[in-house]
K.L.:
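Here you go, one structure.
The structure displayed is predicted, hence computed values, not measured ones. Below, each value reflects all heavy atoms present in this structure, side chains not excepted, and no hydrogens, waters or symmetry copies. Ligands are counted one by one from 1 in listed order, and the atoms in each one are counted from 1 as well.
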Amino acid sequence: MIRIERSGLQLRHGEAWLQQQGLDTQQLRRSLITGLAWEQPLVTVYGKQHRTPRLTCWVADRGCNYRYSGLQQAIHPWTPELLRLRGLLHEHLGADFNSLLLNRYRDGADRMGWHADDEPELDDQAPIASLSLGVARDLRFRPRHGDEAAFAVRLGDGDLLVMDPPSQRHWQHALPPRARVVAERINLTFRVIRPA
Ligand SMILES: O=C(O)CCC(=O)C(=O)O
């Protein structure tokens with residue numbers, strides 16, 4: 001894994017990490033597409049309601065509620081393949097992830113706006129581990145203050161990106177739209193929620 005460091009930001013990037021663990025990423029992506037209950041929830045942003053420009057699924061241990069943009073996510077149970085991924089991440093990173101947000105970008109029009117994963121229910125001492133499946137997309141980073149330059153990390157099929165504390169406090173990230181991308185991508189972010 002290579003380290004990407006800026007003031008207040010610490011990332012670790014492992015290319016084709018899932019393939020190195022012996023996983024078939026194409027099969028995994030297909031199975032997640034057909035096996036999970038994908039939703040396109042209504043969210044409220046700046047007082048206006050709209051559907052998220054991507055599909056999502058929230059998987060978590062019991063009691064791990066998560067709310068963003070005024071939306072309480074429905075909790076879906078862990079499947080055997082998601083438990084296997086959680087086990088692999090625990091083995092390599094030592095973190096006890098108890099929740100997982102999956103985002104499914106159907107093509108380059110689907111996207112995620114600027115934000116930090118800094119909701120109060122998230123444990124800010126724990127890393128966030130992100131796995132990518134499918135077509136490569138750019139994850140952009142920009143500082144919340146100061147004059148460090150924005151930059152992007154290209155996340156390809158099977159990549160692992162670890163965002164270590166205190167990155168969420170000082171930086172935001174976004175997945176911008178890409179007009180030329182016609183293929184699908186799934187991203188899985190494993191998190192630690194402090195149970196209510
Ligand atoms: O799709 C991605 O790589 C980014 C996902 C993300 O920003 C998030 O889940 O908070």
K.L.:
How are the rings of Trp17 and His92 set to each other: parallel, tilted or perpendicular (split at 30° and 60°)?
P.N.:
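It falls in the perpendicular class, over 60°.
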
K.L.:
Assign the ring pair His145 / His170 to parallel, tilted or perpendicular, where the plane angle (0 to 90°) is split at 30° and 60°.
P.N.:
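Judged by the thresholds at 30° and 60°, the geometry between His145 and His170 is perpendicular.
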
K.L.:
List the protein residues in contact with ligand 1, where contact means a heavy-atom separation under 4.0 angstrom.
P.N.:
Leu101, Asn103, Tyr105, Met112, His115, Asp117, Leu139, Leu155, His173, Arg185, Asn187, Thr189, Arg191

K.L.:
Is there a donor-acceptor pair under 3.5 Å between the side chain of Asn98 and the backbone N or O of Ile193?
P.N.:
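Confirmed, Asn98 side chain pairs with Ile193 backbone.
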
K.L.:
For residues 77-101, pull every pair meeting salt bridge (Lys or Arg N to Asp or Glu O under 4.0 Å), keeping only residues two or more places apart or in separate chains.
P.N.:
Asp61-Arg86

K.L.:
Got a salt bridge between Arg194 and Asp124, using NZ or NE/NH1/NH2 to carboxylate O under 4.0 Å?
P.N.:
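Salt bridge: yes.
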
K.L.:
Are Asp164 and Arg12 ion-paired here, with the side-chain N under 4.0 Å from a carboxylate O?
P.N.:
yes

